[in-house]
Number of protein chains: 2
Amino acid sequence: MGATKTDLFTKKQNEIAAMAKAIAHPARIAILQQLLKTNACVCGSLVEDLGLAQATISQHLKELKNVGLIHGTVEGTSVCYCINTKTWKQYQQLFADLFIDITDSQNCC
Amino acid sequence: MGATKTDLFTKKQNEIAAMAKAIAHPARIAILQQLLKTNACVCGSLVEDLGLAQATISQHLKELKNVGLIHGTVEGTSVCYCINTKTWKQYQQLFADLFIDITDSQNCC
DNA sequence: TCGCTTGATTGCAATATTACGATTGATATT
DNA sequence: AATATCAATCGTAATATTGCAATCAAGCGA
């Protein structure tokens with residue numbers, strides 16, 4: 001017990017859940033918004049901006065990297081992060097597909 | 001430690017994260033898709049469909065109810081669940097806003 | 001009323017997540 | 001080479017989530 005029973009669900013369902021989990025934390029939302037806003041790679045300045053410890057930020061960045069939403073390139077001692085446009089568009093599409101248009105008539109109770 | 005430091009983030013960021021968390025589990029995705037597909041309220045038959053224990057399904061339904069994505073009405077001994085159209089549209093809008101269009105030129109590294 | 005069915009709740013065990021201090025590895029700078 | 005800086009990783013503690021058996025509560029039919 002305790003672990004999600006992924007074998008009961010379709011590959012797609014597990015995939016959607018994993019993608020949602022990646023953005024299911026305010027720090028990761030904040031990181032993504034910061035990357036969108038500054039357009040460029042803010043790298044380590046995210047630590048000052050967010051107010052979390054360096055180790056914690058690094059952990060969140062790793063998760064975002066794992067699902068491919070961002071990628072980082074080493075620049076000297078610092079690392080530059082930015083949105084992965086391709087994956088970003090996939091997320092856009094996936095959530096649009098999930099929250100498909102629904103008519104009020106479908107509502108039954 | 002261990003708990004999310006919500007006070008560090010904006011209300012909106014916490015809200016988005018909470019919404020994402022609500023759909024960050026394959027069972028809840030499966031429930032929503034089933035409700036969309038059958039159009040009507042499948043109620044307790046979700047238990048047979050998904051293969052999880054009744055208590056577990058009930059718990060997931062409760063979470064979906066908590067964020068307002070579904071609502072249930074008692075019909076005799078059974079309970080009829082369906083999508084909450086209003087909240088559904090809010091989710092649709094919120095994720096569309098988050099995954100805003102991005103141009104490849106914004107990509108810097 | 002008495003059972004039967006349905007679904008919510010409780011209590012518990014297993015696992016996952018969040019957060020951070022401390023350390024490590026890599027690259028600049030002096 | 002010695003030192004400083006940045007970010008990843010390790011180890012650990014606290015908290016959250018997942019899942020289920022068992023129980024509870026409400027409505028229905030005989």
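The chains referred to below are lettered A, B, ... by the order of the sequence lines, with proteins before strands, and numbering in each begins at 1.
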Measure from [atom1] on [X] to [atom2] on [N] and round the result to the nearest Å.
X	N	atom1	atom2	answer
B/E63	C/dA8	CD	C1'	14 Å
A/I29	C/dT18	CD1	C1'	16 Å
B/I31	D/dT18	CD1	C1'	13 Å
B/N66	C/dA8	CG	P	12 Å
A/H25	C/dA16	NE2	P	18 Å
A/L50	C/dT18	CG	C1'	14 Å
B/L61	C/dG7	CG	C1'	10 Å

Establish, with yes or no, whether the OP1 or OP2 oxygen of D/dA8 is under 4.0 angstrom from a side-chain nitrogen or oxygen of A/Y81. yes
Would you say the SG of B/C80 sits less than 2.5 Å from the SG of B/C41? yes
Which nucleotide in [options] has an atom nearest any side-chain atom of [X]:
X	options	answer
A/K62	D/dT9, D/dA7, D/dG27	D/dT9
A/K65	D/dC28, D/dA8, D/dT18	D/dA8
A/R28	D/dT18, D/dA8, C/dT18	C/dT18

Atom pair [atom1] ([X]) and [atom2] ([Y]), whose distance is rounded to the nearest 0.5 Å:
X	Y	atom1	atom2	result
B/L61	B/E63	CG	CD	10.0 Å
B/L36	A/F99	CG	CZ	9.5 Å
B/Q54	B/T56	CD	OG1	8.5 Å
A/L64	A/Y81	CG	OH	9.5 Å
A/I29	B/L98	CD1	CG	5.0 Å

For DNA chain C, find the residues of residues 52-60 of chain A with a heavy-atom distance under 4.0 Å and give them by number; none if there aren't any. A/L52, A/A53, A/A55, A/T56, A/Q59, A/H60
Identify, residue by residue, the members of residues 4-24 of chain B with a heavy atom below 4.0 Å from DNA chain C, and return them in order of residue number, or none. B/T4, B/K5
Checking B/R28 side chain against B/A22 main chain: does a donor-acceptor pair fall under 3.5 Å? yes
If each of A/G2 and A/T77 is mapped to the nucleotide of DNA chain C with the nearest heavy atom, which maps nearer the 5' terminus, i.e. the 5' end? A/G2
So salt bridge (charged side-chain N to carboxylate O under 4.0 Å, His left out) across residues 10-23 of chain B, not counting sequence neighbours, yields none
Is the ring pair B/F95/A/F95 parallel, tilted or perpendicular, if the boundaries are 30 and 60 degrees? parallel
